[in-house]
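Read through the structure below, which is laid out as structure tokens, and then see the notes.
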Amino acid sequence: MPIVQVAFDLPLDRLFDYLAPEASAADVGLRTLAPFGSGQKVGVILSVVSESRWPEEQLRPVTAIWRDTPPLSQADLKLLHFCSTYYHHPLGAVTLNALPPGLRRIKGWSPPRRRRKCAEVEPVAAPTLTSEQQAAVASVLSGMDGFQPVLLHGITGSGKTEVYLRLIEQQVAAGRQVLVLAPEISLTPQLEQRFRQRLPGISMVSMHSGLGEKERAVRWLEAQNGEAAVVLGTRSAIFCPMPRLGLIVVDEEHDGSYKQQEGLRYSARDLALVRAQQLQIPAVLGSATPALESWWNVQAGRYRLLSLSDRAISGARLPSIRLVETSAAQAQDMSPVVLEALASRLARKEQSLVFVNRRGYAPVLFCPQCRWISGCSRCSARMVVHLRRHELRCHHCGLKHPIPQRCPDCGNTHLETLGSGTQKIEAALHSHFPSARILRLDSDTLTRREAWEETLKTIHAGEVDILVGTQLLVKGHDFPRITLVAALGVDQALYSSDFRSSERLFAQLVQVAGRAGRAADSGEVLIQTAFPGHPLFQSLLAHDYPGFAQRELEERRLTGFPPFAYQALLRASSENPAALEKFMQEAVEATPPRQHGLEIYDPVPPPLARLAGKARLQLLVQAPHRAQLQEFLSAWEARLHALAPRSVQWSLDVDPTEL
Ligand code: ADP
Ligand code: ZN
Ligand code: ZN
């Protein structure tokens, strides 16, 4: 009797056998409902065999095999297999998590009765390509029938999106599908709208977490049955089945959001390359500030570099960037130079953007008398002041408290806020410019897509004079009316212990600067810093990413960091600190014999040593070659499974981006 081998979303690296009298090889990749323990579970059939290693009388029959949706193809399963092996994550968990949530449910799948209709858009004619754009398009088109990794490096506004659009048109005309990954589509309706305007008549679906469950499943199925020619999606869309996939585009390929930071810790950018290689199709990675890994891949001859060095709209110039020197203590508040520049924009009725680099700091409550600081009782993080709700909130575990009236340690009633969050800057702006229309945008004010779209409209209509915001604001938005950008609080990234922090800062400042003067009138960018001589700023002023990248890469080479080494982290947490310590120590002792060059560091607490009441430790492994690291991890993983007590949760993070 046919036996199906089923993958479930479980932390176990094995499949489960069931009897399925009517199953055939064509059922591989289908979803199935099967008894599990005393309940039922949804799984995916990964193979159909005639014999099990268990006696047949011990096997139970499946409850149902769902044939109303197409199976995952061999190509889809191949990608999931790679993902499971490379990231050392159970195949079942990888497979089920690749499905949209609506198709993981026991209820079975029923399409919604009414589809939400997309708003009609006015088609927009294609511009004549610049010669650089033309060369880039031609270059990719010349190698369409094989794996072709391309890095499209172009300054902001150089017309990278236009290059993608031409490639998409060509591929769709040739009967193929295109997958476009972007960092934050739910917050960038402009990107989707532009695609629709420029690709009228091409069926396109966008896929992101802001969608309802049914809608997401419907779009996924449209991609899977080939109806949707173009999929525009965030990270998880990399797993979307597309039977005629002919091209993958990864926009803003350096963006940190491509790496998932929990569960299966995959990089969608890296998987895009794997998928393209498996399918022997081109992959185009685009960015104004490529990840240093990608830039190094160009230098090592693995990727082809295509460059766009000018802004696409003739007459649009790069904004002029100016450093405003302040003392270290004042770098987070607005200096007189910045205030004056804002005042002159207000007088000319132009928009300004105040960018607050909040990564790593936020307003915390502080007692000047005894130096008490508002720490979270469950984490090693600081609680952040939220003035509007009048509460302290931990951004890591969500714990909330009302703002205390007096210092819990010494009773002092004059508590101060430390650090400069967007709210504090907003308040300062109000007092300096009482009649200005000021709008603060950050993840606290923008949780819903609709709210965000409303906000964008207000900005575009010119109903705002000064925008205050964090990195959210600078992700790919076009604000043509902004002529001044002021960046505050950037210095700590220069001297952070994280070796990636200057790379991130550079990318962020380039993006911020790109917001100014995108249209014909050029803009001005002011960066407040106590370290104007820092080489990072010198490269930035010269609009010289290659120079910056070369210096950073040299430093990474000397210090032996990626891309000159391959890393993995063992992450572990427990409510029982003693058990955690013991596990980590045993993990070190259980490391398999290893080749020369592979290094194992000591277990250390991560920057957030406690999270939601659990103690955390991590251990870094580093190797000069990828294959060497992988071989080591496979052997180690098996031993870790045997070692770990129930009270300790652990996982491997391959190619970690946050140490
Ligand atoms: P990027 O994606 O590199 O930031 P975009 O593709 O968004 O750049 O292009 C910037 C602006 O230039 C957009 O308004 C776009 O419509 C316009 N643009 C792009 N290519 C051309 C072109 N060849 N001729 C005229 N305008 C162009
Ligand atoms: Zn005190
Ligand atoms: Zn907390």
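Below, all heavy atoms of this structure are taken into account, side chains as well, without hydrogens, waters or symmetry copies. Each ligand, and each atom within it, is numbered from 1 in the order the structure gives.
- Remark: ligand 1 and Gly157 share an N or O pair separated by less than 3.5 Å (distance only, no angle test).
- Proximity of Arg194 to ligand 1, defined as any heavy-atom pair under 4.0 Å, is confined to the side chain (atoms from C-beta onward).
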- When you look at Gln171 and Arg176, which way does the side-chain hydrogen bond (donor to acceptor under 3.5 Å, both in side chains) test go after all the steps? CA-CA 5 Å; Gln171 281 298 285; Arg176 288 188 277 266; 2.9 Å; yes

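- Residue Gln133 touches ligand 1 through its side chain alone, judged by heavy-atom distances below 4.0 Å.
- Contacts between Ile155 and ligand 1, counted as non-hydrogen atom pairs separated by less than 4.0 Å, involve the backbone only.
- Counting only heavy atoms from C-beta outward, the side chains of Trp372 and Pro404 approach each other to under 4.5 Å.
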- Message: Test side-chain contact (heavy atoms from CB on, under 4.5 Å) on Gln197 and Glu122; report intermediate values, then the result.
- Response: CA-CA 6 Å; Gln197 287 172 331; Glu122 280 291 302; 5.6 Å; no

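- For ligand 1 and Thr128, the ligand atoms under 4.0 Å from any heavy atom of the residue are 22 (C), 23 (N), 24 (N).
- Not one N or O of Gly154 is nearer than 3.5 Å to an N or O of ligand 1, by distance alone.
- Looking at Glu293, Glu658, Glu552 one by one, the single match for salt bridge (Lys or Arg N to Asp or Glu O under 4.0 Å) with Arg500 turns out to be Glu293.
- Contact of the Ile527 side chain with the Arg322 side chain is not registered, since no non-hydrogen atoms from C-beta on lie closer than 4.5 Å.
- Both the backbone and the side chain of Ser158 come within 4.0 Å of ligand 1, judged by heavy-atom distances.
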